[in-house]
Amino acid sequence: MGIRQKLLSFLFSQLILVLMVSNHNNAMGLKLGYYHKTCPNAESIISKTTYRFISRAPTLAAPLLRMHFHDCFVRGCDGSVLLNSTKTSISEKDAIPNQSLRGYHVIDAVKSAVEEACPGVVSCADILALVARDSVSMIHGPYWKVPLGRRDGRVSILNEVFAELPAPFANITQLKQMFAAKGLNTKDLAVLSGRGHTIGTSHCLGFTNRLYNFTGKGDTDPSMDPNYIVKLKQKCKPRDTTALVEMDPGSFKTFDEAYYTLVAKRRGLFQSDSALLDDPETKAYVILQASTHGSTFAKDFAESMVKMGQVGVLTGNQGEIRKHCALVN
C-alpha cells in the first residue's frame, strides 16, 4: 500500500471514529419511556393508529420500515426524509431512491393523533422509529424496544441521498464503508440487508441492468442464477420503469429468513444482495440463516435496528418538534 493510500485509510478511520463518538454522545440522550411524564399515552396512540392502517394494508409495513432506514442513513434519524421540498430547496423525499417510499399518510395520521393528545411534545423522528417497529411487529416480525427522545431536523437536501444511502448496485467494499461511517459493523450490514429485502417489492429499474446489460455489452450478471434471470425477464422488459417484482418471492408480505436462502442460491434481486457473498463474514451470516431457518435473525435484527435508530440523532435542544411532519415550523 502506498503512502497516499495509507493516509487516506488513516483519515477515513479517524472520520469513522469521530462519527461514532458523536453518534454515541447524542444517543446517550435517548431513553426508554422518554414521554412517560410529558405524553404518557404516546406509544399506545402510535401503535393503535398504525394498526388501523397495517391491519387493512399489511404491504405498507415494508415501505415504512425502509422509510426509517432511509431517514437514518441521511443526516441521521431526524425525520428529514419526511420534509417536503420548498421553493428554494429540493428535499430527500424527491430523490429517486425515495420515490418508491409509501406510507407518508400513516405518519401524518399518527402525528395528528399524537398532537391531539399532547401538542408539540412528540417528534416526527420518534414517530417514524416507532411506526417502523410496530409495522414489522404487526406482520409477525420481531419486536424491539425503541429508546426515544429524538428531535426533528430542519434541513433536507436531495443530493445527500445519493452520497449517503447505500445503492442497490453497491459492492461489498462500498457497503461496508457506508455502514461503518454510521457506526454500524459488518454483521449489522448482513442483518439490515435482510431488513429491507425480506418484505416488499421493487421496481424493475433497480436491477434490470443485471438482466440485460450488466457490463454494457448486452450481457447478464454472472453472479445471478441464470434460471432466475429467465423468470425475471418475463416480468421485466428492457427499460421497464413501472412493473413491480417481489423481493422475496412467496413470502414478500411476511417477515422471515427466506431472504438469506434466496441470496445463498444467488437469487437476490440486487447487486447489493449478491455482494453479501463476496465477504467472509457476511457470507457466513447468509449461510447460517439459510441453513438454520433464521435461528438468530429475529434477535439480531432487533439489536441492529436499535443501533441504527441511534445514528446521528438530534437530542436536547438540537432541532425542533415539528407541528406537521412534512414542514419545518
Side-chain angles (χ1 to χ4, degrees), residues 62 66 69-70 73 96-97 100 162-181 184-241 243-252 256-294 296-297 300-301 304:
R66 284 180 58 230
F69 180 89
H70 285 210
F73 262 73
I96 291 173
S100 61
F162 300 101
E164 301 291 334
L165 192 66
F169 45 79
N171 62 41
I172 193 64
T173 302
Q174 293 167 330
L175 290 169
K176 289 172 72 171
Q177 287 178 345
M178 296 182 92
F179 272 70
L184 300 170
N185 61 30
T186 304
K187 181 179 179 181
D188 296 319
L189 163 59
V191 173
L192 294 173
S193 295
R195 149 217 62 95
H197 303 163
T198 184
I199 50 174
T201 56
S202 169
H203 288 285
C204 293
L205 186 64
F207 57 87
T208 45
N209 68 307
R210 303 184 74 195
L211 310 181
Y212 295 104
N213 198 27
F214 187 62
T215 64
K217 299 176 182 177
D219 54 345
T220 59
D221 184 346
S223 70
M224 184 180 259
D225 175 2
N227 294 323
Y228 191 40
I229 288 176
V230 171
K231 289 185 178 181
L232 289 174
K233 281 184 172 181
Q234 293 171 359
K235 298 180 179 180
C236 296
K237 303 304 178 187
R239 294 179 292 282
D240 187 334
T241 60
L244 288 169
V245 173
E246 298 169 12
M247 291 191 199
D248 188 351
S251 69
F252 75 107
D256 57 26
E257 78 293 340
Y259 164 79
Y260 295 104
T261 303
L262 290 171
V263 171
K265 292 179 177 177
R266 299 191 298 135
R267 291 190 167 208
L269 273 188
F270 308 112
Q271 283 172 251
S272 56
D273 294 328
S274 298
L276 296 181
L277 299 177
D278 295 334
D279 175 84
E281 187 176 348
T282 53
K283 182 177 181 179
Y285 191 83
V286 169
I287 301 302
L288 171 68
Q289 300 310 321
S291 61
T292 62
H293 300 290
T296 66
F297 180 47
D300 294 340
F301 182 82
S304 290

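Index from 1, following the sequence.
Side-chain contact check for E281 versus L189: every heavy-atom pair is 4.5 Å or farther apart. Residues L165 and F69 have side chains in contact (heavy-atom distance under 4.5 Å, counting atoms from C-beta outward). In this structure, M224 and L232 have side chains that are in contact, with non-hydrogen atoms separated by less than 4.5 Å. Counting heavy atoms from C-beta outward, Y285 and K187 have side chains that approach closer than 4.5 Å. Counting heavy atoms from C-beta on, the side chains of R266 and P226 come closer than 4.5 Å. Within the 4.5 Å cutoff, no side-chain heavy atoms of Y228 are placed close to those of L262. Looking only at side-chain heavy atoms (C-beta outward), R267 and T261 stay at 4.5 Å or farther from each other. Counting heavy atoms from C-beta outward, Q271 and N171 have side chains that stay 4.5 Å or more apart.
Taken from CZ in R210 to SG in C236, the straight-line distance is 12.5 Å, to the nearest 0.5 Å. One finds the CG atom of L175 at 12.0 Å from the CG atom of L184 (value rounded to the nearest 0.5 Å).
Of all non-hydrogen atoms in A163 and M178, the two that sit nearest each other are O-CE, 3.6 Å. Among all heavy-atom pairs drawn from C204 and K235, the shortest one is SG-O, 4.1 Å. For A290 against A264, the heavy-atom pair with the smallest separation is CB-CB, 4.2 Å. Of all heavy-atom pairs spanning P166 and F179, the tightest one is CG-CE1, 4.0 Å. Between F270 and P168, the closest heavy-atom pair is CB-O, 3.5 Å. Summarising the geometry of T186 relative to T282, their closest heavy-atom pair is CG2-CG2, 3.5 Å, with the distance given to 0.1 Å.
Heavy-atom neighbours of F214 CZ from other residues, nucleotides or ligands within 6.0 Å: above the threshold of 12. More than 12 heavy atoms of other shown residues, nucleotides or ligands fall within 6.0 angstrom of atom NZ in K233.
With respect to S223, the side chain to side chain donor-acceptor pair (under 3.5 Å) criterion is satisfied by exactly one of T220, D225, D221: D221.
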Report task. Begin with the C-alpha distance, continue with both residues' side-chain angles, and end with the deciding distance and a verdict on side-chain contact (heavy atoms from CB on, under 4.5 Å) for Q289 and T296. Result -> CA-CA 7 Å; Q289 300 310 321; T296 66; 2.8 Å; yes
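Checked against the 6.0 Å centroid criterion, the rings of Y259 and F297 do not qualify as a close aromatic pair.
Remark: the backbone N or O of F301 is not paired with any side-chain donor or acceptor of S304 at under 3.5 angstrom.
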